Amino acid sequence: MSRLILSKRIQVLILIAGFLLLLFIATFSSNLPDGLEWTVKKLGLEGSEKTVLPAPLADYNVSEEYSPSVNRILTALIGMALLALIIFLIFQFKRAPVNKE
Amino acid sequence: MHIPDGLLDIPVSTATSFISAGSLFLIWRKLKKQFTQHSVPQMALLAAFIFVAQMINIPVSGGTSGHLLGGLLAALLLGPFTGIFIMSLVIMVQALFFQDGGITALGANILNIAIAGTGSGYLVYNYLSKRIKKSTASDFPGMVILFFAAWLSVEVGAVLCALELSLAGSVPWKLAVGLMSTVHALIGFLEGLLTLFIFKAVRSIRPDLIYVLR
């Protein structure tokens, strides 16, 4: 197993570049049905789907005024920020067990 | 593989919600004991990564598309309990804020993707890799196991999803399971390749961050 020795700064830059690349690729996401949508269609259950509680950013759309690519990038950033915030809030007051010895 | 509202009936939704809530409660108790402050940024980064990765649908075959689920990847990097926990958070955020997966199907989606998918993939990886390590020092069998476990994590979730659909509706279970497992066998292939690639990339730069290598 070969390991690349990189400075912390380079590692952070690689991480940021990776996320930017992901955001860019997200704008080219396929509109083809996913495995479940395809199966639902084959089973004749298409049209059974309904909305129980409308979500604020349904179908990864911030606003109809923006292009699909902009909507995807914005919703990706919002989703990432939300998850990071939720995880930090959940664990904010939780401290690792302290060894009293 | 996120089930929307309207496809599951009340008994199936209720049962899957109870199973998921009970499992997450037990996982949370385990997680509290294993928790270290250092793992929080890793959890946040990985959750953010999985969220964006799940937004990228790649054409697979026969007019369908698939995306990385990331359950096994999360379990390999952070441990099975943390992996299941952050996968559940991703699914909750997708459902509550982006309507990707239904509110009434939230329990089922967490059960299929986060708990059963991630859990089964990790268990198989853990069991097989321990057996392989005893017999060979080569890296290749371990990578094959990783690929297979990632593929399996998608298949297990897909089969469970099909069973829930057939329990809730009037579709024959054999047909539902057949269709879901066939189409997700291809999507699982994608999951295997991506999990393998990302695992190897992290291992080459920061092997110390990988739970299964500690």
Side-chain angles (χ1 to χ4, degrees), chain A residues 1-6 10-11 14-15 18-19 22-23 25-26 28-40 42-45 47-61 72 75-88 90-92 94-97, chain B residues 1-7 32-33 35-40 43-45 47-49 51-53 55-60 62-67 86 89-90 93-100 102-104 139 158 161-162 165 169 171 175-176 179-180 183-184 186-187 203-207:
Chain A
M1 186 174 72
S2 59
R3 181 182 174 180
L4 290 170
I5 308 295
L6 301 170
I10 299 290
Q11 288 178 26
I14 289 174
L15 194 67
F19 270 103
L22 270 183
L23 287 173
I25 298 172
F28 297 101
S29 178
S30 169
N31 287 324
L32 289 170
D34 69 9
L36 177 62
E37 288 165 350
W38 179 85
T39 305
V40 163
K42 292 274 178 195
L43 290 171
L45 296 172
S48 309
E49 305 95 333
K50 59 185 175 191
T51 303
V52 171
L53 185 72
L57 303 165
D59 299 324
Y60 299 96
N61 270 314
R72 283 198 91 73
T75 49
L77 289 170
I78 293 168
M80 290 195 308
L82 271 172
L83 277 162
L85 183 70
I86 290 166
I87 288 170
F88 277 108
I90 288 173
F91 292 98
Q92 188 187 10
K94 182 84 189 80
R95 292 280 176 265
Chain B
M1 211 200 299
H2 297 60
I3 306 171
D5 286 318
L7 290 181
K32 281 205 301 188
K33 289 177 188 166
F35 169 77
T36 63
Q37 207 70 41
H38 300 293
S39 59
V40 177
M43 287 163 70
L45 274 174
F49 169 80
F51 178 83
V52 188
M55 286 178 72
I56 303 171
N57 275 56
I58 300 166
V60 182
T64 59
S65 66
H67 57 73
I86 68 162
L89 286 180
V90 170
V93 165
Q94 286 170 332
L96 294 169
F97 293 93
F98 302 96
Q99 218 164 303
D100 190 4
I103 300 289
T104 58
D139 192 31
C161 178
L165 286 178
V171 291
L175 180 63
L179 287 169
M180 278 294 277
V183 71
H184 283 91
L186 295 167
I187 295 167
R203 194 181 65 171
S204 66
I205 299 171
R206 290 292 302 270

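Note that the structure is a prediction, hence the values are computed from the model and not measured. Below, chains carry the letters A, B, ... as their sequence lines are ordered, and counting in each starts from 1. Heavy-atom basis, side chains included; hydrogens, waters and symmetry copies ignored.
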### Message
Nearest 0.5 Å, please: how far is CE in B:Met43 from CD1 in A:Ile90?
### Response
7.5 Å
### Query
If you round to the nearest 0.5 Å, how far is CG of B:Leu175 from OG1 of A:Thr39?
9.0 Å
### Query
For A:Leu22, is it the side chain, the backbone, both, or neither that has a heavy atom closer than 4.5 Å to a heavy atom of chain B?
both
### Query
Once you round to the nearest 0.5 Å, how far does CG of B:Leu96 lie from CG of A:Leu53?
8.0 Å
### Query
Side chain, backbone, both or neither: which part of B:His67 has an atom under 4.5 Å from a heavy atom of chain A?
neither
## Note on the structure
Answer key: most heavy-atom pairs under 4.5 Å with chain A among B:Val171, B:Ile187, B:Ile103 is B:Val171
### Task
Would you mind checking which part of A:Leu77 comes under 4.5 Å of any heavy atom in chain B, side chain (CB onward), backbone (N, CA, C, O), both or neither?
neither
#### Entry: Part of B:Val60 within contact of chain A (heavy atom distance under 4.5 Å)
neither
### Query
Looking at A:Leu57, A:Asp59, A:Asn61, which one has more heavy-atom pairs under 4.5 Å with chain B than the rest?
A:Leu57
### Task
Supply the atom-to-atom distance A:Glu49 CD to B:Gln99 CD, rounded to the nearest 0.5 angstrom.
11.5 Å
#### Entry: Inter-residue atom distance A:Ser29.OG - B:Ile58.CD1, 0.5 Å rounding
8.5 Å
### Task
Could you tell me which non-hydrogen atom of B:Val93 sits nearest to which non-hydrogen atom of A:Ile86, and how far apart they are?
CG2-CD1, 3.6 Å
### Summary
If one checks every heavy atom of B:Leu45 against chain A at 4.5 Å, the contacting part turns out to be both
### Task
Against chain A, label B:Val40 side chain, backbone, both or neither, depending on which of its atoms sit under 4.5 Å from a heavy atom there.
both
### Query
Relative to chain A, which segment of B:Thr64 carries a heavy atom at a distance below 4.5 Å: side chain, backbone, both, or neither?
both
### Task
Select one option (side chain, backbone, both, neither) describing which atoms of B:Ile205 are under 4.5 Å from chain A's heavy atoms.
both
### Task
Would you mind checking which part of A:Ile10 comes under 4.5 Å of any heavy atom in chain B, side chain (CB onward), backbone (N, CA, C, O), both or neither?
neither
### Query
What part of B:Ile3 lies closer than 4.5 angstrom to a heavy atom of chain A: side chain, backbone, both or neither?
both
### Query
If you tally heavy-atom pairs under 4.5 Å against chain A, which of B:Asp100, B:Thr104, B:Leu186 wins?
B:Asp100
#### Entry: Pairs of heavy atoms under 4.5 Å with chain B: top-ranked of A:Pro54, A:Ala84, A:Gly18, A:Pro56
A:Pro56
### Task
Let me know if B:Ala95 has heavy atoms under 4.5 Å from chain A in its side chain, its backbone, both or neither.
backbone
## Note on the structure
Ranked by heavy-atom pairs below 4.5 Å to chain A, first place among B:Val183, B:Val52, B:Asp5, B:Leu7 goes to B:Asp5
### Message
Please rank A:Thr75, A:Ile25, A:Leu6 by heavy-atom pairs under 4.5 Å with chain B and give me the top one.
### Response
A:Thr75
### Query
How close do A:Arg72 and B:Met55 get, heavy atom to heavy atom, and via which atoms?
NH2-O, 2.6 Å
### Query
Atom CG in A:Leu83, atom CD in B:Gln94: separation rounded to 0.5 Å?
8.0 Å
### Task
Could you have a look at A:Ala81, A:Gly44, A:Ala76 and say which one has the most heavy-atom pairs with chain B under 4.5 angstrom?
A:Ala76
### Task
Mind telling me whether B:Phe98 and A:Tyr60 have parallel, tilted or perpendicular rings, with 30° and 60° as the class edges?
parallel
### Message
For the interface with chain A, which of B:Ala158, B:Ala48, B:Ser65 has the highest count of heavy-atom pairs at distances below 4.5 Å?
### Response
B:Ser65
### Message
Please classify the contact between A:Leu82 and chain B as side chain, backbone, both or neither, with a heavy-atom cut-off of under 4.5 Å.
### Response
side chain
